[in-house]
Visitor: 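One structure, as structure tokens, below. Some questions next.
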Amino acid sequence: ATVSVLNWGHAEIDTMTVPLRGLLLDMDGVLAEVKASYRQCILQTAKHFGVEITAADVTEEKTKGNANNDWVLTQRMVAAKGGNATLEEVTEKFEELYAELSKLETLIPPRGVIQELHRRLEGRVAIVTGRPREQCNIFLDRFDLQEFVVHSVCMEDGPPKPDPNPVNLACKALKIDPAEALMIGDTPDDIKSAVAAGARGIGVLLQDDFARLCLDNVHHDTIPVVASMNAAGAERIVRPGLADLLDVVPL
């Protein structure tokens, strides 16, 4: 099917031909609002080991890529600022903090949007996340999303994004070719993983970035992570909440 989609960041209409049979969704920043959970865990874990890291520092590292595992990212950032902590020590503290902060996570898209995408794709929806499987399932259960997900590819399943492995595993579970899949993510690692596997990639803005664009009336390309996702091969950037995908996924 060929569909015309308004690229909301531009005045013109562009067209994407989508032989689309499956949808792959990153979790953090796409389904889950995590600025009060995972992002805070990074900051507070670093502080525990005597290092001050800001939210802007984390965003900068996420924009650079190779930052899908937050435990590894935190340990790397601590070391870069002169801290001394092993990955095991960082992971232990991070998980201790996350046990409480995870309760602050919220669902970004309306549940009905996910339900409609699931219906249009005849159930072929998978999660592709760097989360541990237990934490992925807890989020899906908390927001009653398990019925809309065929399979979840998680941290335990092998090399993380930007490696193509997670996307390939998800496509195998959905019984589709990667060329028939659309990967939705909020970082260049998501897009790179999709492109490397032969799938399409669409970037999604974080809620805070979208709010800033609306308030400051600037183009989304001025957001560094957007430029990074575009450079990685994103076909377009959409607003938070996934409703824009209803113009992409055929009825």
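This one's a predicted model, so the numbers in the text were calculated from it and none came from an experiment.
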Visitor: Going from CD on Gln207 to OG1 on Thr106, what distance comes out if it is rounded to the nearest 0.5 angstrom?
Guide: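 Spacing of CD (Gln207) from OG1 (Thr106) equals 6.5 Å.
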
Visitor: Can any side-chain N or O of Arg21 pair as donor or acceptor with the backbone N or O of Ile176 at less than 3.5 Å?
Guide: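 Flag not set: sc Arg21 to bb Ile176 has no pair under 3.5 Å.
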
Visitor: Rounded to the nearest 0.5 Å, what separates atom CG in Asp70 from atom SG in Cys41?
Guide: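 The CG atom of Asp70 sits 8.5 Å away from the SG atom of Cys41.
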
Visitor: Short question: side chain of Ser193, backbone of Asp163 - any donor-acceptor pair under 3.5 Å?
Guide: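 Between the backbone of Asp163 and the side chain of Ser193 there is a qualifying donor-acceptor contact (under 3.5 Å).
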
Visitor: Is it the case that one hydrophobic cluster holds both Val51 and Trp71, taking links as side-chain heavy atoms less than 4.5 Å apart, direct or via other members?
Guide: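 Cluster IDs for Val51 and Trp71 match.
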
Visitor: Got a second to check how far Ser102's OG is from Arg131's CZ, nearest 0.5 Å?
Guide: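 Reported value, rounded in 0.5 Å steps: 8.0 Å.
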
Visitor: Decide yes or no for Asp28 and Arg39: does some side-chain heavy atom of the first lie under 4.5 Å from some side-chain heavy atom of the second?
Guide: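 When only atoms from C-beta onward are counted, Arg39 and Asp28 do not touch, as no gap falls below 4.5 Å.
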
Visitor: Checking side-chain hydrogen bond (donor to acceptor under 3.5 Å, both in side chains) against Arg119, which of Glu116, Gln115, Glu122 comes through?
Guide: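 Only match with Arg119 under side-chain hydrogen bond (donor to acceptor under 3.5 Å, both in side chains): Glu116.
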
Visitor: Main chain of Leu87, side chain of Thr91: is a donor-acceptor contact present, judged purely on distance under 3.5 Å?
Guide: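 The answer is yes, because a donor-acceptor pair under 3.5 Å joins these two groups.
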
Visitor: Would you say the side chains of Glu95 and Gln135 form a donor-acceptor pair under 3.5 Å?
Guide: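 A donor-acceptor contact under 3.5 Å links the two side chains.
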
Visitor: Nearest 0.5 Å, what's the CG-NZ distance between Leu43 and Lys35?
Guide: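 The distance works out to 12.5 Å.
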
Visitor: Would you mind reporting whether Arg120 and Leu251 have side-chain heavy atoms less than 4.5 Å apart?
Guide: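 A side-chain contact under 4.5 Å exists here.
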
Visitor: Would a single hydrophobic cluster contain both Leu107 and Ile127, if residues Ile, Leu, Val, Met, Phe, Trp and Tyr are joined by side-chain heavy-atom contacts under 4.5 Å?
Guide: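 Yes; tracing contacts between hydrophobic side chains, which count when under 4.5 Å, links both residues.
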
Visitor: So does Lys93 pair up with Glu89, basic N to acidic O under 4.0 Å?
Guide: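 Salt bridge between Lys93 and Glu89, a charged N being under 4.0 Å from a carboxylate O: no.
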
Visitor: Salt-bridged, Lys192 to Asp189, with N to O below 4.0 Å?
Guide: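 No, no charged N to carboxylate O under 4.0 Å.
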
Visitor: What I'd like to find out is whether the side chain of Pro162 reaches to under 4.5 Å of the side chain of Asn68, using heavy atoms alone.
Guide: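 Answer no - side chains too far apart.
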
Visitor: Run Asp209 and Arg212 through side-chain contact (heavy atoms from CB on, under 4.5 Å) and show every step you take.
Guide: CA-CA 5 Å; Asp209 285 339; Arg212 189 158 58 250; 2.5 Å; yes

Visitor: Output yes when a side-chain donor or acceptor of Glu156 lies under 3.5 Å from a complementary backbone atom of Arg133, and no otherwise.
Guide: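 Yes, because the side chain of Glu156 sits within donor-acceptor range (under 3.5 Å) of the backbone of Arg133.
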
Visitor: Can you check whether Val128's main-chain N or O pairs, donor with acceptor, with Lys161's side chain at less than 3.5 Å?
Guide: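 Confirmed, Lys161 side chain pairs with Val128 backbone.
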
Visitor: About how many Å separate OG1 of Thr74 and NE2 of His48, when rounded to the nearest 0.5 Å?
Guide: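 Here the interatomic distance stands at 12.5 Å.
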
Visitor: Consider only side-chain heavy atoms of I, L, V, M, F, W and Y, link residues closer than 4.5 Å, and tell whether Leu213 and Val225 are in one cluster.
Guide: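 Result: yes, single cluster for both.
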
Visitor: Check whether more than 12 heavy atoms from other residues, nucleotides or ligands sit under 6.0 Å from atom CD of Glu134, and answer yes or no.
Guide: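 No, CD of Glu134 has 12 or fewer neighbouring heavy atoms, counting only those of other groups under 6.0 Å.
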
Visitor: Indicate yes or no: at least one non-hydrogen side-chain atom of Pro109 is less than 4.5 angstrom from one of Leu31.
Guide: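 SC-SC contact between Pro109 and Leu31 confirmed.
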
Visitor: Nearest 0.5 Å, what's the CG-CZ distance between Leu20 and Arg124?
Guide: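 Output value for this atom pair is 8.5 Å.
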
Visitor: Taking the side chain as C-beta and beyond, is there a heavy-atom pair between Leu97 and Gln40 under 4.5 Å?
Guide: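 Counting from C-beta outward, Leu97 and Gln40 never come under 4.5 Å.
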
Visitor: Hydrophobic cluster membership, with links at side-chain heavy-atom distances under 4.5 Å among I/L/V/M/F/W/Y: are Met183 and Val248 in one?
Guide: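 Met183 does not cluster with Val248.
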
Visitor: Are Leu140 and Leu24 grouped together when hydrophobic residues (ILVMFWY) are joined by side-chain heavy atoms under 4.5 angstrom apart?
Guide: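 In one cluster: no.
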
Visitor: Can you give me the closest heavy-atom contact between Leu121 and Gly22, atom names plus distance?
Guide: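 Minimum heavy-atom separation between Leu121 and Gly22: CD2-N, 4.0 Å.
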
Visitor: Compare all side-chain heavy atoms of Asp177 with those of Cys171 and state whether any distance is below 4.5 angstrom.
Guide: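 A side-chain contact is absent here, since even the closest heavy-atom pair is not under 4.5 Å.
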
Visitor: Only one of Val30, Leu182, Leu23 forms a side-chain contact (heavy atoms from CB on, under 4.5 Å) with Ile202, so which one is it?
Guide: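 Only one of Val30, Leu182, Leu23 forms a side-chain contact (heavy atoms from CB on, under 4.5 Å) with Ile202, namely Leu182.
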
Visitor: Is Asn137 close to Gln146 at the side-chain level, that is, under 4.5 Å between some pair of heavy atoms?
Guide: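 In contact.
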
Visitor: Report yes or no: does Asn230 contribute a side-chain atom to a donor-acceptor pair with the main-chain N or O of Ala227 at less than 3.5 Å?
Guide: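 No, the answer is negative, given that no donor and acceptor are paired below the 3.5 Å cut-off.
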
Visitor: Would you mind checking if Arg236 and Asp244 are paired as a salt bridge, meaning a charged N to carboxylate O distance below 4.0 Å?
Guide: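 Arg236 and Asp244: not salt-bridged.
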
Visitor: Do Asp190 and Lys62 meet the salt-bridge criterion of a basic N to acidic O distance under 4.0 Å?
Guide: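 Salt bridge flag = no for Asp190 with Lys62.
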
Visitor: Would you tell me whether Glu105 and Tyr98 have side-chain atoms, one donor and one acceptor, within less than 3.5 Å of each other?
Guide: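 Present: a donor and an acceptor within the cut-off.
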
Visitor: What is the minimum heavy-atom distance between Ala85 and Val90, and which atoms define it?
Guide: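 So the two residues come closest at CB-CG2, 3.8 Å.
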
Visitor: Please check if the number of heavy atoms outside Lys81 that lie under 6.0 Å from its NZ is greater than 12.
Guide: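 Yes, NZ of Lys81 has more than 12 neighbouring heavy atoms, counting only those of other groups under 6.0 Å.
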
Visitor: Near Asn84 CG, under 6.0 Å, is it more than 12 heavy atoms from other residues, nucleotides or ligands?
Guide: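 Incorrect, the count does not exceed 12.
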
Visitor: If we ignore hydrogens and angles and just use 3.5 Å, is the side chain of Glu52 paired with the main-chain N or O of Thr54 as donor and acceptor?
Guide: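 Between the backbone of Thr54 and the side chain of Glu52 there is no qualifying donor-acceptor contact (under 3.5 Å).
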
Visitor: Between Pro188 and Ala232, what is the shortest heavy-atom contact and its length?
Guide: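 Heavy atoms of Pro188 and Ala232 come nearest at O-CB, 4.0 Å.
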
Visitor: Over all heavy atoms of both residues, which pair between Asp157 and Ser152 is shortest? Give the atoms and the distance, please.
Guide: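 Of all heavy-atom pairs spanning Asp157 and Ser152, the closest is OD2-O, 3.8 Å.
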
Visitor: Heavy atoms only: give me the nearest Ile191-Gly201 pair and the separation to one decimal.
Guide: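 Answer, listing the atom of Ile191 first, then Gly201: CD1-C, 3.9 Å.
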
Visitor: Looking at every heavy atom in both Val167 and Ala199, which two are closest together, and how far apart are they?
Guide: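 Closest heavy-atom pair between Val167 and Ala199: CG1-CB, 4.1 Å.
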
Visitor: Kindly indicate, with the supporting measurements, whether the criterion side-chain contact (heavy atoms from CB on, under 4.5 Å) is fulfilled by Leu25 and Leu242.
Guide: CA-CA 10 Å; Leu25 299 172; Leu242 304 184; 4.1 Å; yes

Visitor: Evaluate the side-chain proximity of Leu101 to Gln44: yes if any heavy-atom separation is below 4.5 Å, no if none is.
Guide: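 Yes, at least one pair of side-chain atoms sits under 4.5 Å.
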
Visitor: Could you label the plane-to-plane angle of the Phe94 and Tyr38 rings as parallel, tilted or perpendicular, counting under 30° as parallel and over 60° as perpendicular?
Guide: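 Tilted: the ring planes of Phe94 and Tyr38 meet at 30° to 60°.
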
